[in-house]
Structure formats: structure tokens, C-alpha cells
Amino acid sequence: MSGSVIQPERVQRLNEASADPGGRYVLYWMQKSVRTRCNHALEYAVERANDLGRPLVVAFGLMDDYPEANARHYAFLIEGLADVAASLAERRVRFVVKHGHPADVAIDLGRDAAVIVCDRDYLRHSRAWRDRVADEMKVEVVQVESELVVPLEAASDKEEYAARTIRPKITRLLEHFLVPLGEVELQTSSMKVAIRSELRDIDVTDPAGALERLQLDRCVAPVPMFRGGQREGEAIFGRFLDGFLDGYAGNRNQPQTEDVSHMSKYLHFGQVSPLWLALALKDSGGPGGDTQTYLEELLIRRPLTHNFCFHNPHYDQYRGLPEWSRKTLATHADDPREYVYSVDELEAAGTHDPYWNAAMVEMRETGYMHNYMRMYWGKKILEWSESPEAGFDAALHLNNKLFIDGRDANSFANVSWVFGRHDRPWQERPIFGKVRYMNANGLRRKAKPEEYVRKVQRMVERGETEGPASA
DNA sequence: ATCGGCTCGCGCAA
DNA sequence: TGCGCGAAGCCGAT
């Protein structure tokens with residue numbers, strides 16, 4: 001173990017099997033951490049390959065019907081895979097993308113493996129895939145965490161109530177985990193290793209062609225504004241550090257400005273490392289308050305959403321909300337609603353509220369919405385739905401369908417926050433009960449929503465080809 | 001412009 | 001067991 005720093009807390013054996021010395025290669029089943037720099041699972045797999053004197057094969061399973069995914073998500077994902085293909089070739093590491101269910105791909109390629117290394121994801125379906133592979137394989141399956149700076153169990157072994165309860169548990173471990181990950185050179189080139197598999201190869205070096213050939217849900221179009229890939233994500237973050245970090249604490253809740261890093265989508269697809277982001281921030285020498293504000297998002301709030309999804313079996317359901325908020329919302333379930341919109345009416349951005357409509361257009365046309373508007377957007381869906389349950393389902397559905405960074409742990413926690421999760425009660429009022437209320441006056445008081453509306457209009461008129469990549 | 005009240009439950013101090 | 005306080009708020013009183 002030389003060169004890299006992979007804390008033992010990141011590494012978990014998923015079964016009791018041992019490594020097979022007869023295996024022809026070490027398999028890194030890449031599924032969540034789709035990147036080559038600052039990926040603990042990759043470096044761990046290289047080390048195991050070197051220790052066993054074997055080549056390394058990295059494989060990704062690309063299925064047609066990934067849960068809730070459509071062309072908008074696939075386009076971003078495949079661009080990230082193309083970046084991985086190019087980077088791994090430079091490191092003389094063999095990379096294959098196979099058409100099939102991720103677990104089937106891992107099991108198929110794992111038959112010839114000495115060890116299977118996988119990365120980590122916290123959502124229900126992903127966990128089930130890894131459990132299945134670990135159960136079915138007769139060879140060691142080991143999972144390496146690289147999606148959180150402080151590994152989930154190291155911080156807390158229970159569902160946390162709020163940011164304030166998890167914050168000290170994470171903060172005291174940063175010294176141990178917030179350290180660079182070195183790169184390890186693979187000793188046995190794997191570019192020529194024979195791979196026995198009936199599964200079809202997908203050539204991701206032509207992302208548009210690969211996207212075309214998949215049998216996927218095309219109900220939402222890809223957006224040209226944001227391109228996937230680690231190179232792209234890291235470059236965008238570099239421009240954020242140079243141009244927008246200064247003043248971030250004061251401007252991050254100003255939706256009419258561009259003081260945002262756009263990292264959420266890259267984090268969702270594992271295309272940038274949260275550790276890399278945190279280290280880049282600390283190295284940037286930017287203003288302390290601005291850096292602290294960003295680190296709070298990255299190191300406390302985001303892990304809190306992962307803690308929520310990992311420990312709450314109903315993270316994607318209304319019943320996953322806290323007792324107090326479900327109770328107070330039930331009390332007001334029959335309150336008269338001045339406006340009620342269906343999911344289709346919401347998606348069409350045809351409500352009476354111009355601020356809300358602008359947010360909905362931004363979401364639909366760009367796969368992104370400013371963070372502050374996401375709160376307002378959600379609160380109004382609660383207010384304008386026939387029941388809180390219907391509002392929850394509508395908000396989560398639109399979130400996951402339209403955001404590039406939808407279907408993330410953040411998505412489930414953020415929608416749940418609208419309905420009281422990780423929040424506290426406030427003064428009781430119609431429909432909301434004691435759940436936090438937001439209105440357009442607050443928007444006007446704190447930001448410039450009229451400018452935001454104009455910004456969205458301009459973006460749509462221009463055909464939104466100008467993203468942070470070309471800014 | 002600024003401030004306190006609203007309201008629940010966690011976690012720490014005692 | 002008591003007590004302080006919390007991601008993003010609102011609202012009325014000063």
C-alpha cells in the first residue's frame with residue numbers, strides 16, 4: 001500500500017469468499033464513481049492487481065432501463081464514460097462498457113476475476129445490485145467508498161435528525177479523511193487481456209452513437225448546456241474558484257446571479273470527487289467565509305442526505321417524513337386550496353406565479369434550477385396540490401425526471417425537506433400546518449426575482465447553448 | 001431596518 | 001430533568 005492513502009474505513013468486504021489466485025485479472029466493477037482521478041476504488045483495485053501480479057479490468061454495466069433514467073441522464077452519463085475510457089487508456093488500464101444489467105455485467109466478468117472491487121452508492125436499487133453480486137460470486141467482493149469525504153458509518157451509525165446533530169460527528173473526523181489520494185501505477189498492462197463475455201460492448205468513445213443505439217426512455221431531451229465528464233467538471237470548478245468563490249457566502253442565494261459551482265450533477269454521476277473539491281477549495285486560498293460556506297454544503301449537508309437515504313427505508317415516500325410534519329400536514333389536509341395544479345399543469349409552467357413558472361422553465365429546459373428557487377418551487381407545489389401526499393409525489397417525480405442531478409440522495413432529502421425533514425416546526429398556518437412556509441414576498445425581500453425571470457427568458461431565447469463551460 | 005414569537009425534539013449539562 | 005437551540009421563514013410590532 002504505497003503511494004495512495006486509502007483509509008481502512010473506506011474498505012468493506014461484502015462476502016466471506018477469498019481472492020482466487022487462479023483469476024486472470026482483478027475486476028473493478030465501476031458503477032458509481034465514474035472517474036479516474038481521486039477514486040479510492042480505482043486506486044485500491046490497482047493496488048490489489050499489483051499485489052496479485054495481475055492486470056486490471058475496469059467494467060461498467062450500461063442498462064436500457066435504469067430506474068427513472070431518461071435520455072437527459074444517459075447523455076451526461078455516457079459523456080462521463082467517454083472521459084473515463086480516454087483516461088484509463090492513458091494509464092494502460094483496460095476499460096469495457098457492457099450492455100446489460102450492472103449486476104449481470106459484474107457477475108459475467110467476475111467469473112475470471114481474482115478479486116472484484118466495486119464502488120459505493122447508497123440508494124436502494126444500487127445496494128441490492130451489490131448485495132446480489134456478493135451473494136452469487138465465489139470470489140472476494142470488496143466495496144470501496146469514494147463518494148463521501150468522511151465514510152458514512154465512520155460519521156454516524158443511525159439516522160440523523162438534522163444538520164446540527166451530524167455536523168460535530170463529521171467535523172471531528174475531517175483531519176483523518178480530508179487528505180489527498182495518490183495515484184498508483186499499474187504494473188501489468190491490461191490493454192491486451194482477453195475478456196470472455198457474451199454481453200455486447202458499447203463504444204462510448206462515440207457518445208452520440210451510443211446514446212442513439214440504446215433502447216431508453218426518450219421522454220426528456222438531453223441539454224447541450226452541460227457536458228458530462230471529470231475533465232469538464234473539474235474545469236468548471238476551476239472557473240468557479242477563480243470567478244465566483246469570492247462573495248459566494250453572500251450571493252449563493254441570489255438566483256439572478258451565476259454564483260454557483262454546478263458540481264451537483266458531476267457529484268451525482270461520480271464524475272468529480274467530493275474529496276478533490278474540498279482539497280481544491282482549501283488550496284485555492286479563497287476568502288475564509290466563502291470557503292466555509294461551500295464546505296458546509298459539501299461536507300455536512302450532502303452527507304446528511306446520504307445518511308437519510310441509507311437509514312430511512314422510505315426515503316422516496318411520503319411516509320418517510322418525520323412524525324411531527326405528517327401529523328400537522330394531516331390536520332390541514334382538508335384546508336381549502338386557492339390553486340390546485342396537476343403534475344402536467346405544473347410541468348407546463350402555466351401557473352399564475354411568474355417566478356415559479358420561470359423556475360419550472362429553467363428546470364425543464366436546462367436540467368438545472370438555482371438552489372434557492374428549488375426551495376420556493378417545492379413549497380409552492382405543497383401549497384398547490386390537492387393533498388400533501390400528491391404534492392410530495394409530484395415534486396419528486398418532476399425532480400427526478402427533469403434534473404440532470406435528479407435521482408440523487410440529495411433529491412430525496414431535498415424534496416423531503418420541503419415537507420419538514422431536517423427542519424423544525426414554525427408558526428401554524430393553513431395547508432402547511434407547522435411546516436416552514438415560503439412566499440413570493442420573501443423572494444422579493446431577499447433576492448431579485450424579476451431579474452431571475454428575465455435571466456431565464458434570455459437563456460431560453462438564446463437556445464441555452466451558453467453554459468458555464470463556455471462562460 | 002430589526003426583533004421576538006411561533007414550535008418540536010435532540011443532545012448535552014447537571 | 002431542564003434547557004438551549006436549530007438551513008434556507010413569516011409576520012406584526014417597534
Side-chain angles (χ1 to χ4, degrees), chain A residues 155-172 247-257 259-261 263-264 289-309 311-312 320-332 335 338 353 355-356 359 369-384 388 391 395 399 405 408-449 452:
Chain A
S156 169
D157 58 3
K158 61 165 190 159
E159 184 178 352
E160 292 291 336
Y161 186 77
R164 74 184 155 86
T165 63
I166 202 172
R167 187 178 296 109
K169 299 178 183 180
I170 290 173
T171 304
R172 67 170 173 250
Y248 177 73
N251 294 337
R252 61 178 294 273
N253 278 340
Q254 298 295 315
Q256 72 281 4
T257 72
D259 292 54
V260 294
S261 73
M263 285 303 103
S264 175
D290 297 318
T291 300
Q292 266 314 309
T293 300
Y294 196 97
L295 288 176
E296 169 78 8
E297 309 293 321
L298 183 67
L299 300 178
I300 308 297
R301 308 295 162 74
R302 179 172 175 272
L304 178 63
T305 71
H306 288 65
N307 170 280
F308 171 58
C309 290
H311 288 286
N312 192 315
L321 296 175
E323 192 78 34
W324 71 263
S325 75
R326 272 182 291 136
K327 193 174 151 204
T328 189
L329 289 168
T331 304
H332 293 271
D335 291 354
E338 192 175 351
D353 178 341
Y355 306 149
W356 193 94
M369 186 195 298
H370 191 280
N371 183 60
Y372 194 69
M373 297 307 294
R374 291 189 189 205
M375 295 186 269
Y376 180 77
W377 176 85
K379 291 292 183 183
K380 291 295 134 183
I381 292 179
L382 164 56
E383 188 177 339
W384 301 336
N399 185 99
D405 63 349
D408 193 86
N410 283 321
S411 305
F412 300 105
N414 290 349
V415 168
S416 298
W417 174 86
V418 168
F419 296 78
R421 171 61 64 189
H422 298 153
D423 204 3
R424 60 169 161 144
W426 300 88
Q427 183 154 41
E428 194 163 7
R429 66 175 58 245
I431 303 175
F432 286 78
K434 293 166 184 171
V435 170
R436 184 194 299 265
Y437 173 72
M438 290 177 80
N439 65 8
N441 284 336
L443 223 48
R444 282 186 288 263
R445 192 167 60 245
K446 292 174 184 150
K448 297 175 176 164
Y452 170 72

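Residue numbers begin at 1 in each chain, while the letters A, B, ... track the order of the sequences.
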Quick one: [X] [atom1] to [N] [atom2], roughly how many Å, whole number?
X      : N      : atom1 : atom2 : value
A:M438 : C:dA7  : CE    : C1'   : 11 Å
A:E296 : C:dG6  : CD    : P     : 12 Å
A:Y437 : C:dG12 : OH    : C1'   : 15 Å
A:M375 : C:dA8  : CE    : P     : 9 Å
A:D259 : C:dA8  : CG    : P     : 21 Å
A:E428 : B:dT7  : CD    : P     : 7 Å
A:R436 : C:dA7  : CZ    : C1'   : 6 Å
A:I166 : B:dC10 : CD1   : P     : 15 Å

Donor-acceptor pair, side chain of [X] and main chain of [Y], under 3.5 angstrom:
X      : Y      : value
A:K379 : A:R436 : yes
A:S325 : A:V435 : no
A:N312 : A:G320 : yes
A:D259 : A:Y248 : no

Would you classify [X] as touching base, sugar-phosphate or nothing, given that sugar-phosphate means primed atoms plus P, OP1 and OP2, and contacts are heavy atoms under 4.0 Å?
X      : value
A:K327 : nothing
A:E297 : base
A:A163 : sugar-phosphate

### Query
Does A:R421 reach the side chain of A:P322, with side-chain heavy atoms less than 4.5 Å apart?
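Yes - at least one pair of side-chain heavy atoms lies under 4.5 Å apart.
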
Side chain of [X] only, please: which of [options] is the nearest?
X      : options               : result
A:R167 : B:dC8, C:dC10, C:dA7  : C:dA7
A:K434 : C:dA8, B:dT7, B:dC6   : B:dT7
A:R164 : C:dG6, B:dG11, B:dC8  : C:dG6
A:R445 : B:dT7, B:dG9, C:dC10  : C:dC10
A:E160 : B:dG11, C:dA8, C:dA7  : B:dG11
A:N439 : C:dA7, B:dC6, C:dC10  : C:dC10
A:W324 : C:dC11, C:dA7, B:dC8  : B:dC8
A:R429 : B:dC10, C:dA8, C:dC10 : C:dC10

### Message
What's the gap between C:dC5 and B:dG4 when it is taken at their P atoms, as a whole Å value?
### Response
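Result for the P pair: 13 Å, nearest Å.
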
### Query
Expressed in whole Å, how much space separates the P atoms belonging to C:dA7 and B:dC12?
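Between the two P atoms, the distance is 15 Å.
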
### Message
In this structure, which stretches of DNA chain B are paired as stems of three or more consecutive Watson-Crick or G-U pairs, both distances less than 3.5 Å?
### Response
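DNA chain B stems, ordered by first number: B:1-6 with C:9-14, B:8-13 with C:1-6.
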
### Message
Please compare A:K169 and A:P425 by the position of their nearest nucleotide in DNA chain B and report the one closer to 5'.
### Response
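It is A:P425, whose closest nucleotide lies nearer the 5' terminus.
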
#### Entry: Ring geometry between A:W377 and A:W356 (parallel below 30°, tilted from 30 to 60°, perpendicular above 60°)
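A:W356 and A:W377: parallel rings.
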
### Query
Salt bridge between A:R301 and A:E296, side-chain N to carboxylate O under 4.0 Å?
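Salt bridge: yes.
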
### N-O pairing of A:D405 and A:R374 below 4.0 Å
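Salt bridge: yes.
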
